[in-house]
Amino acid sequence: MNAPTEFARAVCPHDCPDTCAMRVTVENGKAVKVIGDPDHPPTQGVLCTKVSRYAERVHHPQRLTTPLKRVGPKGEGRFEPISWDEALTLAAARLSEIVRREPQAVLPYSYAGTMGLVQGDGVAQRFFHKLGASRLDRTICAAAGAAGLKYTYGGSIGMHVEFFDESDLILIWGANPIASSLHFWTRAQAAKRRGARLVAIDPYRSLTAEKCHQHIALRPGTDGAFALGMMHVLITEGLLDHAYIADHTLGFEALKERAMAYPPARVAQICGVDEQELVELARLYGRTRKSAIRLNYGMQRVRGGGNATRAIACLPSLTGAWRDRAGGLLLSSSGWAPLDLNALQRPDLIPGWPSALPRIINMNAIGDALLHPGDAAFGPKVEALIVYNSNPVAVAPDSARVAAGFAREDLFTIVLEHFQTDTADYADLILPATTQLEHFDIHKSYGHTHVMINQPAIAPVGEARPNSEIFRGIARSMGIDEPALYESDEDVARAALVWGNAALEGVDWQTLNDKGWVQLKLPDAPLAEGGFRTPSGKCEFVSTLLEKAGEDPVPDYLPPYESIDGSPELAARYPLAMISPPARNFLNSTFVNVESLRLTEGEPHLDIHPIDAGARAIEDGQAVRIFNDRGSMTARARVTERAKQGVVVGLSIWWKKLSPDGRNANEVTSQALTDLGGSATFYDCLVEVERA
Ligand SMILES: Nc1nc2c(c(=O)[nH]1)N[C@H]1C(S)=C(S)[C@@H](COP(=O)(O)OP(=O)(O)OC[C@H]3O[C@@H](n4cnc5c(=O)[nH]c(N)nc54)[C@H](O)[C@@H]3O)O[C@H]1N2
Ligand SMILES: Nc1nc2c(c(=O)[nH]1)N[C@H]1C(S)=C(S)[C@@H](COP(=O)(O)OP(=O)(O)OC[C@H]3O[C@@H](n4cnc5c(=O)[nH]c(N)nc54)[C@H](O)[C@@H]3O)O[C@H]1N2
Ligand code: SF4
Ligand SMILES: [Mo]
């Protein structure tokens with residue numbers, strides 16, 4: 001007998017700019033197939049390979065299906081099942097005891113395992129705010145770029161992804177869209193077929209770079225200098241839109257003076273690129289009306305990431321590329337969505353709101369934070385850690401410190417997860433969470449401008465519960481009587497948007513739910529007539545906010561911390577710059593445990609240039625040890641010119657316990673922060689490599 005087949009409408013929850021709409025086929029209560037929604041314009045009926053395997057992940061035999069209590073030493077991963085009642089009572093007792101003494105000893109740790117606003121930082125934030133817990137600065141990915149955009153444009157706004165199809169020149173800068181933003185790549189190819197030129201700016205000949213007309217392989221962390229060098233050419237050769245500059249920008253003279261310090265010959269040296277190539281690119285950029293930059297976060301994971309974003313973001317305002325809808329720059333579109341974060345996250349629940357806020361801990365320094373004994377400057381020692389939507393033992397930098405922190409016997413750790421990750425191995429309590437196919441949520445996107453609703457397709461697997469319900473359960477067991485914590489997921493979702501905002505004109509909750517998504521109403525060329533969201537309303541070459549803060553208000557090039565210019569002594573001992581960008585078949589550390597995808601990636605590799613390999617007697621296919629003062633890992637060498645000389649590349653992020661040596665790239669990365677935004681500096685990392 002054929003089981004009845006149902007179809008449900010969902011949203012891909014992953015940290016990816018494409019935010020696809022999905023259709024889920026359900027048979028006998030099981031999700032059997034997930035496809036891209038053909039009716040959703042950004043998705044165009046296509047999902048990436050990873051998420052096409054979503055059903056495999058949801059019904060994976062190793063899904064966590066009951067709460068688990070640790071029975072072995074931390075990190076060993078031995079647990080026994082317990083009931084939800086027992087788990088919530090245990091969690092509540094420990095947390096209540098700590099909160100009574102010192103609420104700030106409790107720390108949440110989360111990132112974008114789901115981008116949903118309810119299961120992400122909606123109900124969870126309300127809970128932690130009510131406790132008065134320490135706040136977490138969620139900066140592991142995009143904070144330098146976001147700060148760069150804020151100081152230049154006034155927010156995460158830019159051109160629309162839809163119109164890249166019509167561009168004549170596309171700079172794909174610090175981005176590998178074939179792996180990490182497939183739907184943008186489709187548009188870039190459409191433009192290419194129409195005759196557009198595609199140029200990749202990336203130290204690595206990525207899958208994307210090899211398919212562009214031109215690949216400029218600069219040294220990691222030198223993008224700020226590269227952009228200033230382009231400006232030098234634009235200015236000296238008069239390739240400027242003087243009217244746009246006069247009407248819609250602030251501080252041209254100061255920017256010009258800065259750019260004059262970066263003549264192409266100097267920039268070529270800093271970046272390790274050909275001077276003529278830089279000059280020609282700047283000329284082409286300045287002469288092409290429909291010139292578009294697809295900037296992405298790969299270029300901002302270095303010391304100068306914020307300034308580099310600012311420098312690049314100035315380019316379309318110098319040439320007036322914004323005047324055409326197929327011109328401008330896109331790093332993130334997330335600022336277009338009219339979110340009401342205060343209504344969603346309710347910071348007013350913080351006991352001292354708004355004058356006495358709890359301390360804030362930067363998530364990139366979680367290793368140091370967990371190992372800190374506490375003092376007047378740092379505040380109280382962290383005694384309880386609640387991890388959700390993240391796998392910090394695999395993804396956070398300086399992993400040996402992170403693991404040592406998680407191993408603290410006196411730290412009470414709760415992990416909400418789908419799987420027993422490297423992080424979950426260190427938990428006192430693991431609480432099984434639902435996946436996107438099992439809960440309700442609302443989404444915005446950072447790559448397009450749709451707001452979307454995710455309806456649950458199936459009942460929770462085993463005893464899994466949505467994050468929102470888990471936090472409500474802990475709160476109830478702690479005896480917390482705060483109505484905001486007990487609102488339904490739908491009500492929390494509804495609170496996330498500013499209804500009546502012009503971008504949502506004519507849209508109400510019912511329409512959004514019925515349709516599944518709506519496109520925000522925005523002009524096609526949103527910055528053609530200025531309209532920046534900075535204090536001056538202009539594109540700020542000179543940032544009024546940075547000036548007020550006493551910082552350099554004009555974008556500059558800051559050499560990486562770990563480079564010949566930044567630290568010559570270190571560079572003598574560790575001469576190779578290592579970057580560890582995303583692997584195509586993983587999404588950060590998600591999907592590493594989906595066997596079909598892991599087998600496609602194979603094993604941890606290190607791409608190394610033939611000259612660097614030769615100098616170390618390393619042959620293709622050989623096991624190598626990668627090390628610096630922070631730690632080491634092993635990988636299989638691929639001797640290839642894909643890696644620039646002096647740069648080694650280890651595609652990431654592997655689960656440590658699914659790697660042959662139990663380690664991954666974050667053994668060698670550092671906790672240092674970027675110039676602006678306090679972002680992570682994963683690609684600002686010197687190492688040495690030897691035969692294992
Ligand atoms: N398949 C897949 N897709 C993903 C992810 C994933 O893990 N796997 N992760 C998601 C997440 S969280 C994010 S933030 C995005 C990230 O996606 P992107 O923003 O595209 O960034 P990355 O893939 O980190 O890096 C893109 C490229 O930047 C290059 N790069 C590294 N250092 C530099 C530099 O200093 N300058 C320049 N110009 N280029 C540099 C890398 O070699 C890489 O090819 O992708 C999302 N999509
Ligand atoms: N070396 C190196 N390190 C990096 C990077 C790099 O390029 N190189 N990239 C960095 C970047 S850009 C980012 S964004 C971070 C990403 O780091 P994370 O945000 O930690 O991302 P993931 O590794 O995908 O882990 C997300 C976890 O959330 C879980 N999860 C998903 N949905 C839910 C849910 O609804 N409820 C609960 N409770 N759990 C859920 C998943 O099972 C998964 O284990 O990593 C960073 N680390
Ligand atoms: S990871 Fe990105 S490309 Fe893949 S389905 Fe999700 S949103 Fe679409
Ligand atoms: Mo990210």
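In each ligand, atom 1 is the first atom listed, and ligand 1 is the first ligand listed. Scope of the values below: all heavy atoms of this structure, side chains included, with no hydrogens, waters or symmetry mates.
- Each of the following atoms of ligand 1 lies closer than 4.0 Å to a heavy atom of D223: 34 (C), 35 (O), 36 (N), 37 (C), 38 (N).
- Heavy-atom neighbours of E595 CD from other residues, nucleotides or ligands within 6.0 Å: at or below the threshold of 12.
- For ligand 2, the polar-atom distance check against N666 finds a nitrogen or oxygen pair separated by under 3.5 Å.
- Polar contact check, P581 against ligand 2: no nitrogen or oxygen pair lies under 3.5 Å apart.
- Distances between N or O atoms of C141 and those of ligand 2 include no value under 3.5 Å.
- Atom numbering of ligand 1 starts at 1 in the shown order; those under 4.0 Å from a heavy atom of N296 are 18 (P), 19 (O), 20 (O).
- At least one heavy atom of L587 sits less than 4.0 Å from an atom of ligand 3.
- The nearest protein atom to atom 34 (C) of ligand 2, hydrogens excluded, is given as N389 OD1, 3.2 Å; this is a heavy-atom distance.
- At the top of the distance list for atom 4 (C) of ligand 2, counting protein heavy atoms only, stands I653 CD1, 3.3 Å.
- When heavy-atom distances to ligand 3 are checked against a 4.0 Å cut-off, V51 comes that close only through its side chain, counted from C-beta outward.
- Of all atoms in ligand 1, numbered sequentially from 1 with element shown, those under 4.0 Å from a heavy atom of Y204 are 42 (O).
- At a cut-off of 2.8 Å, H183 does not coordinate atom 2 (Fe) of ligand 3 through any N, O or S atom.
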